[in-house]
Amino acid sequence: MHLNHLVPHFFRQKLYSFERMAIDLTPKKAEALFEGDGGGYYTWTTSQVPLLAKEYLGAGRLLLQPRGFALPHYADSSKLGYVIQGSDGVAGMVLPNSKEEVVVKLEKGDVIAVPVGAVSWWFNDGDTDLVIVFLGETSKALIPGQFTYFFLTGAIGVIGGFSTDLTSKVYGLDKNEVEKLTRSQTGVLIIKLDKTQPVPKPQLHNTKKLVYNIDGAEPENAVEKAGLVKTLTEKDFGSIEDVGLSLIRVKLEPNAIKAPSYPVSPTVELIYIARGSGKIEIVDFNGKSVLNTQVEAGDLVVVPQFFVVAEIAGEEGLESYSIVTTTKPLFEELAGKTSIWSIFSSTLQQVALNVDSDFQKLFISKIKESTNLIPPST
């Protein structure tokens, strides 16, 4: 039902303006930006997902094959990396205003914060593929909606972009030495290292400090045969404060449901489907369904601020990871004993829903005996 005849003219204008935007929330998969012997980098473009630019979000997927090495680089955006697959990943990083290279070990379930300006490299020291998804914010990016990387070395490395004369004077090298410095590495983005080529070893103390395994962490909400929710904030993981984001893990058992919820603060949610399949439903401010579709592993979905979202698992379950653009996320539930309905008085419920007391009592009894994670019907 459209609300034109119920709302003032100025509000109708806002509704029309929003509707004319023709927001496309359809789940999208990443497109290849680079593929080579050592692996590939895949990204979601703003042409695929226009809301990424509007909401200043970005996402990318790094795949490193065994011995794959992502050359040292920095980026114009802060982000969180989540390890989808792999057990022997290695990442090196020089954080802003730091004079130390830290090297950490990465495995499935790990989260690592990469603040804007940090110089990093990534390596797969295992026998199977290493896959990392990066989700972040792009409010200060060169191109809103996408991460732009600046590589120090390689065919597109910044070190090779300056004149021979300048580079010679900066480093105290002759012409031949400058050529060797700037042209020896011919790889682009990702290369494959020979088995005899050593790389720095992970440092245990820095791994404990800079890496957090969210898959192994105690969830704040878990329901038998339904699933779990774990929200990673600065309280659990201090490094996350540097990127201004929080990460939410939702794991649903087959055919279970995460009931509708919405953010209390003005934050946008970026959801990545890591495993399994199912369905996502989103409702806007006009009480209109703006998304009701199937999702599967590899899909990315943007949830505009204050919109209401629910997740429904399929036969194989559903596991998602999402970022929100705040370090102190707070969501209001629309179902379960902790939902907003359980707080309202019985009189208010009857008035708001236009129901009699008998139905109100039935409704609230159902609410108080349920949670926001709902097992499948038996």
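A quick note: this is a predicted structure, and the numbers were derived from the prediction, not measured. Only heavy atoms go into these numbers, but all of them, side chains included; no hydrogens, no water, no symmetry mates.
Residues I156 and V188 are in side-chain contact: their nearest non-hydrogen atoms beyond the backbone lie under 4.5 Å apart. No side-chain heavy atom of V90 sits under 4.5 Å from any side-chain heavy atom of V104. Using a 4.5 Å heavy-atom threshold, the side chains of I84 and Y272 count as touching.
A donor-acceptor contact shorter than 3.5 Å links the side chain of N124 to the backbone of T128. Checked by atom type and distance alone, the side chain of S246 pairs as donor or acceptor with a backbone atom of T326 at under 3.5 Å. For D110 (side chain) and V83 (main-chain N/O), no donor-acceptor pair under 3.5 Å exists by modelled atom type.
Separation of atoms OG1 (T167) and CD1 (I159) is listed at 7.0 Å; rounding is to 0.5 Å. To the nearest 0.5 Å, atoms OG1 (T231) and CZ (R249) are separated by 11.5 Å. Taking CD of E101 as the start and CG of L95 as the end, the distance is 11.0 Å to the nearest 0.5 Å. Interatomic distance, CD of E55 versus OG1 of T267, reported as 9.5 Å (0.5 Å rounding). Within the model, atoms CG of N213 and OG1 of T207 stand 12.0 Å from one another, a figure rounded to the nearest 0.5 Å. Put simply, CG on L173 and OG1 on T182 are 9.5 Å apart, with the number rounded to the nearest 0.5 Å.
In this model, no donor atom of one side chain and acceptor atom of the other lie less than 3.5 Å apart for Q360 and S346. Between T45 and S47, the side chains place a donor N or O and an acceptor N or O closer than 3.5 Å (distance only, hydrogens not considered). Judged purely by distance below 3.5 Å, without hydrogens or angles, the side chains of E137 and S139 pair a donor atom with an acceptor atom. No donor-acceptor contact under 3.5 angstrom links the side chains of D129 and Q65, judged on distance only. Side-chain contact check for S163 and D165: no donor-acceptor pair (N or O, by modelled atom type) lies under 3.5 Å.
Of the charged side-chain nitrogens involved, at least one lies within less than 4.0 Å of a carboxylate oxygen, so that E319 and R275 count as a salt-bridged pair. With respect to the salt-bridge test (charged N to carboxylate O, under 4.0 angstrom), the residues E296 and K29 qualify. Between E281 and K279 there is a salt bridge, since at least one side-chain N of the basic residue sits less than 4.0 Å from a carboxylate O of the acidic one. Electrostatic pairing of D194 and R67 does not count as a salt bridge here, judged by no charged N lying under 4.0 Å from a carboxylate O. Note on D88 versus K105: salt bridge recorded, some NZ/NE/NH1/NH2 to OD/OE distance being below 4.0 Å. A salt bridge links K108 and D215; the closest N-O separation between the charged side-chain nitrogens and carboxylate oxygens is under 4.0 Å.
The only option from I273, I257, N255 that meets the side-chain contact (heavy atoms from CB on, under 4.5 Å) definition with L318 turns out to be I273.
In terms of the side chain to side chain donor-acceptor pair (under 3.5 Å) criterion, residue partners of K328 (sequence neighbours excluded) are, by chain and number, E234.
Between F306 and Y262, the gap from one ring centroid to the other reaches at least 6.0 Å. Ring pair Y41/Y149: centre-to-centre distance below 6.0 Å. Centroid-to-centroid, the aromatic rings of Y321 and Y82 come within less than 6.0 Å.
Note: F363 and F359 have parallel aromatic rings, judged against thresholds of 30 and 60 degrees for the angle between ring planes. The aromatic rings of F151 and H73 sit tilted relative to each other, their planes meeting at an angle between 30° and 60°.
Counting non-hydrogen atoms of other residues, nucleotides and ligands closer than 6.0 Å to CZ of F34 gives a total above 12. Around atom CZ of F331, more than 12 heavy atoms belonging to other residues, nucleotides or ligands sit under 6.0 Å away.
Of all heavy-atom pairs between I248 and V229, the closest is CG2-CG1, 4.2 Å.
For K79 and F147, the positive end sits near the middle of the six-membered ring, less than 6.0 Å away and at most 45° from its axis.
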Give the intermediate values and the outcome of side chain to side chain donor-acceptor pair (under 3.5 Å) for residues Q185 and T153.
CA-CA 7 Å; Q185 179 55 264; T153 67; 5.4 Å; no
Could you go through V301 and I282, starting from their C-alpha distance and side-chain angles, then the distance that decides it, and tell me whether this counts as side chain to side chain contact (heavy atoms under 4.5 Å, CB included)?
CA-CA 10 Å; V301 179; I282 301 175; 4.1 Å; yes
Step by step, work out the ring-ring contact (aromatic ring centres under 6.0 Å, His included) result for F69 and W122.
CA-CA 6 Å; F69 179 81; W122 308 77; over 10 Å; no
Kindly indicate, with the supporting measurements, whether the criterion side chain to side chain contact (heavy atoms under 4.5 Å, CB included) is fulfilled by S342 and K337.
CA-CA 6 Å; S342 65; K337 54 191 174 184; 5.5 Å; no
